[in-house]
There are 2 protein chains.
Amino acid sequence: MEEILRQQIEKIVPLTDDEFRLVLSHFSVGNYKKHQYIVQQENPVPYVHFVVKGLLKSFYIDKSGKNHVLQFAMEDWWITDNQGFYNNQNATLNIDCLEDAQTYYITLEDREKLCNELQKMEFFFLQKMTAGNIALQNRILSLMSKNSEERYIQFIQLYPDLIHRIPKTLIASYLGISRETLSRLWN
Amino acid sequence: MEEILRQQIEKIVPLTDDEFRLVLSHFSVGNYKKHQYIVQQENPVPYVHFVVKGLLKSFYIDKSGKNHVLQFAMEDWWITDNQGFYNNQNATLNIDCLEDAQTYYITLEDREKLCNELQKMEFFFLQKMTAGNIALQNRILSLMSKNSEERYIQFIQLYPDLIHRIPKTLIASYLGISRETLSRLWN
DNA sequence: GAATTAACGTGATATAGGTCACAAATTATA
DNA sequence: TATAATTTGTGACCTATATCACGTTAATTC
């Protein structure tokens, strides 16, 4: 399991065994059941999670009670409520498990400690955050310039693995369309 | 002018005069005229720009020729085509000036050099990137959960200064609605 | 393995917002 | 300051997508 985290980091910065031990020492392991919440609206957001097994989603409940999926996270992905986590605010999002899951999680304090002890980790997190930015900007442009069908096709191309693990209802929600419209796309 | 950059950085990390001189030595100054492009689709993206004067926008032209404003950038904001800049790819976006502008700009290489010489600058850029992520996620949720009017009201609250400097057509484009719909919102 | 619960498909109908077209008003510029 | 260009408002009409309402099938779960 640790290997997934190590490989994820080493895609960006090489690590010695000792360095990786140091990295790992700042993380804890969490096991969660399907349907379990790991972040809840109005509550603190103590951790960012690196998923080693399973599948989670973050979602926003708007004032009319409608759910909007912001993100899915499967193996090798990071997930948290950024606004809550990085600004020490209560969550505006919820995160729950679509499948039984296991994560390595870390507090903001420990992440900063880790970055001070091992400078290259700060570079790693900066790279990750940058990649995230690019993905988010593309998603915005996609929402603004593509219709439902084009967005769905793009989703399949970007995340072919997810299609079979996630109910269409949630994919529709992620794409910003109703489940009925998504259902009518093919036939 | 330099002071704007210094204050922007010192909001996150304190700098001695010498340190700021070091920072500044990696930047160049650019002056641009209204309507001038500083990034063009299909071309390299050598710099990220910190705006000290004026107003710019980044926008995407979709396959049907429609423009979509991704970002505005006025004084104290950063702007580039992230995908092009950080991945050394050609631009998918355009950036042009809505007003005569002046920027401090830096290459990716020089930014990395600067971060190595002055570690706290890496922390600074990580903080900025994180704040950017949060803003982008909120924009996505806004696009998915709010109607035109609510998005416009939110825009006014977030960027009261911009309202008077930017034609409504472009604000509509930023909000993902047609200029006609925006025009019909008030009366 | 029977009973819930969730997922999916599909018809009928409603609507927010898009598109097209034109005119007026405002702002740039030669 | 006259001319051109841009910005804005508004009517008429259109359409993609939402919503509501069922029924069916497929998964969970006790």
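Below, read A as the first sequence line, B as the second, and so on, with proteins coming before strands; counting in each chain starts at 1.
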Please report, rounded to the nearest Å, how far the [atom2] atom of [N] is from the [atom1] atom of [X].
| X | N | atom1 | atom2 | result |
| --- | --- | --- | --- | --- |
| A:Asn67 | C:dA7 | CG | C1' | 16 Å |
| B:Ile163 | D:dT8 | CD1 | C1' | 15 Å |
| A:Leu175 | D:dT17 | CG | C1' | 14 Å |
| B:Ile166 | C:dT27 | CD1 | P | 16 Å |
| B:Glu99 | C:dT27 | CD | P | 14 Å |
| A:Leu170 | C:dA6 | CG | P | 12 Å |
| B:Lys168 | C:dT26 | NZ | P | 12 Å |
| A:Arg184 | D:dT17 | CZ | P | 12 Å |

Quick check on the 6.0 Å ring-centre criterion: do A:Trp77 and A:Tyr159 meet it?
yes
Taking the six-membered ring where the residue is Trp, are the ring centres of A:Phe155 and A:Tyr174 under 6.0 Å apart?
yes
Close side-chain approach of [X] and [Y], heavy atoms under 4.5 Å:
| X | Y | value |
| --- | --- | --- |
| B:Phe20 | B:Glu10 | no |
| B:Leu118 | B:Val23 | yes |
| A:Phe72 | A:Leu98 | yes |

Is any side-chain N of the basic residue among A:Asp100 and A:Lys34 closer than 4.0 Å to the acidic one's carboxylate O?
no
Decide, yes or no, whether a salt bridge links B:Arg6 with B:Glu19 under the criterion of side-chain N to carboxylate O below 4.0 Å.
no
What's B:Ser178 touching, base or sugar-phosphate or nothing? Going by heavy atoms closer than 4.0 Å.
base
Where the side chain of A:Glu180 is defined as all heavy atoms beyond and including C-beta, which of D:dA21, D:dT7, C:dC20 is the nearest nucleotide?
D:dA21
For A:Lys34 and A:Leu182, find the nucleotide of DNA chain D closest to each by heavy atoms; which residue's nucleotide sits nearer the 5' end?
A:Leu182
Is it the case that atom NZ in A:Lys11 sees more than 12 heavy atoms from other parts of the structure closer than 6.0 Å?
yes
Compare side-chain N and O positions of [X] against OP1 and OP2 of [N] and report whether any pair is under 4.0 Å apart.
| X | N | value |
| --- | --- | --- |
| A:Ser183 | C:dG9 | yes |
| B:Thr169 | D:dT6 | no |
| B:Lys66 | C:dT19 | yes |

Of A:Arg179 and B:Thr181, the one whose closest DNA chain C nucleotide lies more 5':
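Residue closer to the 5' terminus by nearest nucleotide: A:Arg179.
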Is a donor from one side chain sitting under 3.5 angstrom from an acceptor on the other, for B:Glu42 and B:Asn90?
no
Value for CD (B:Gln36) from CG (B:Asp96), rounded to nearest 0.5 Å, stands at 10.0 Å
DNA chain C contacts made by residues 140-162 of chain A, counting heavy atoms under 4.0 Å
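Hits under 4.0 Å, by residue number: none.
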End-to-end axis angle, where each axis spans five pairs of the helix from C:dG1-D:dC30 to C:dA30-D:dT1, to 10°
70°
